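Everything below concerns the one structure shown next.
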Amino acid sequence: MRALHFMKVDYILTRKQFSIVPLFFGLALFVGHGMGTPELSLMVACSYMLFVASIFATTPFAYCGGKNRGFLLLFPATVRDRVAGRFLYGMSFMALLTLFCGALAGVYRVMGMKLSLWTLAIGLWELAIGIMIITLQILFFYLFGEGKENWQYLSNIVRTAPGMAVFFGANYLIGKAEDASAGGAKIALGALSGKFMQAGIIAVVAALLLMAVAAAVCVKVIRKRDYA
């Protein structure tokens with residue numbers, strides 16, 4: 001329960017940045033607009049939101065120095081509560097990503113557009129990748145970057161590079177898929193969609209386990225410091 005309070009504190013500290021998140025929803029729709037099929041449009045929009053989520057998920061670390069750090073230490077809580085709250089804050093953006101992609105898929109269905117099973121499978125893989133990216137980012141900041149001003153430039157790279165790589169990588173693969181479709185070739189994914197779904201579920205579970213391990217490591221490291 002205390003972890004939820006710390007997550008709420010992070011939202012208060014970052015409320016100005018969080019207020020512009022709806023703008024990125026609109027940008028995601030714009031970026032995904034014009035793809036050859038609803039599946040490809042959904043994939044582009046969701047990969048863009050994954051990029052945005054990976055940036056915003058670590059924003060509270062920019063506010064953990066100086067008076068804010070002392071303010072957080074005044075709360076009656078353990079290091080585990082503080083670290084868990086920070087991870088919950090980061091994962092809340094993955095929840096928003098899931099809601100956004102689910103809502104967009106629902107809109108396509110209402111409009112009569114058919115989405116294949118492999119689209120959902122790819123969505124699970126994107127979710128797993130997003131959880132892993134945010135987990136490793138938070139782990140990095142707790143181990144190396146928290147409260148250290150000389151890490152500003154490196155921290156900016158850590159916040160933006162992984163999500164950007166996924167976004168442009170996904171766009172590259174989608175472009176290849178469109179070219180293959182335009183050339184008359186058909187990607188035979190139907191027969192493999194079931195196994196791909198199972199692999200996606202396993203990937204999500206593995207990502208959650210990685211998050212649990214990373215959180216335990218962060219707790220152990222922060223306990224040796226005089227702040228968290």
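When reading the values below, keep in mind they use all heavy atoms of this one structure, side chains included, and skip hydrogens, waters and symmetry mates. These figures come from a predicted structure and were not determined experimentally.
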**OP:** Could I get the full list of side-chain hydrogen bond (donor to acceptor under 3.5 Å, both in side chains) partners for Thr160, not counting sequence neighbours?
**Re:**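 Once residues adjacent in sequence are excluded, Thr160 has no partner under the side-chain hydrogen bond (donor to acceptor under 3.5 Å, both in side chains) criterion.
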Identify, with sequence neighbours excluded, every residue that meets side-chain contact (heavy atoms from CB on, under 4.5 Å) alongside [X].
{"X": "Ala105", "answer": "Leu42, Leu115"}
{"X": "Phe25", "answer": "Val21, Met49, Phe100"}
{"X": "Cys218", "answer": "Val83, Phe87, Leu139, Tyr142"}
{"X": "Ile202", "answer": "none"}

Shared hydrophobic cluster, [X] / [Y] (ILVMFWY, side-chain heavy atoms < 4.5 Å):
{"X": "Phe144", "Y": "Ile222", "value": "yes"}
{"X": "Phe93", "Y": "Leu27", "value": "yes"}
{"X": "Met211", "Y": "Val217", "value": "yes"}
{"X": "Ile20", "Y": "Leu50", "value": "yes"}
{"X": "Ile201", "Y": "Ile131", "value": "yes"}

**OP:** For residues Ala207 and Ala128, report the shortest heavy-atom separation together with the two atoms involved.
**Re:** CB-O, 3.6 Å
Original post:
Taking all non-hydrogen atoms of both residues, which atom of Gly163 and which atom of Phe51 are closest, and how far apart?
Top reply: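 Shortest heavy-atom separation between Gly163 and Phe51 comes out as C-CD1, 3.4 Å.
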What's the spacing between [X] [atom1] and [Y] [atom2] if we round to 0.5 Å?
{"X": "Leu97", "Y": "Ser47", "atom1": "CG", "atom2": "OG", "answer": "9.5 Å"}
{"X": "Met91", "Y": "Met7", "atom1": "CE", "atom2": "CE", "answer": "12.0 Å"}
{"X": "Leu208", "Y": "Met132", "atom1": "CG", "atom2": "CE", "answer": "10.0 Å"}
{"X": "Met197", "Y": "Leu124", "atom1": "CE", "atom2": "CG", "answer": "5.0 Å"}
{"X": "Ile134", "Y": "Thr58", "atom1": "CD1", "atom2": "OG1", "answer": "8.5 Å"}
{"X": "Ile133", "Y": "Glu126", "atom1": "CD1", "atom2": "CD", "answer": "10.0 Å"}

If you define the side chain from C-beta out and look only at heavy atoms, does anything of [X] sit under 4.5 Å from [Y]?
{"X": "Val219", "Y": "Arg82", "result": "no"}
{"X": "Phe141", "Y": "Arg159", "result": "yes"}
{"X": "Leu29", "Y": "Leu104", "result": "yes"}

Subject >> Within 45° cone and under 6.0 Å: Arg86 NZ/CZ vs Phe61 ring >> reply: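 Satisfied, under 6.0 Å and within 45°.
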**OP:** Quick one: which residue pairs count as a side chain to side chain donor-acceptor pair (under 3.5 Å) with a foot in residues 87-105, not counting sequence neighbours?
**Re:** Tyr11-Ser92, Thr14-Tyr89
Original post:
Do the ring planes of Tyr48 and Phe24 sit parallel (below 30°), tilted (30 to 60°) or perpendicular (above 60°)?
Top reply: tilted
Original post:
If only atom types and distance count, is the side chain of Gln137 paired as donor or acceptor with the main-chain N or O of Ser54 below 3.5 Å?
Top reply: yes
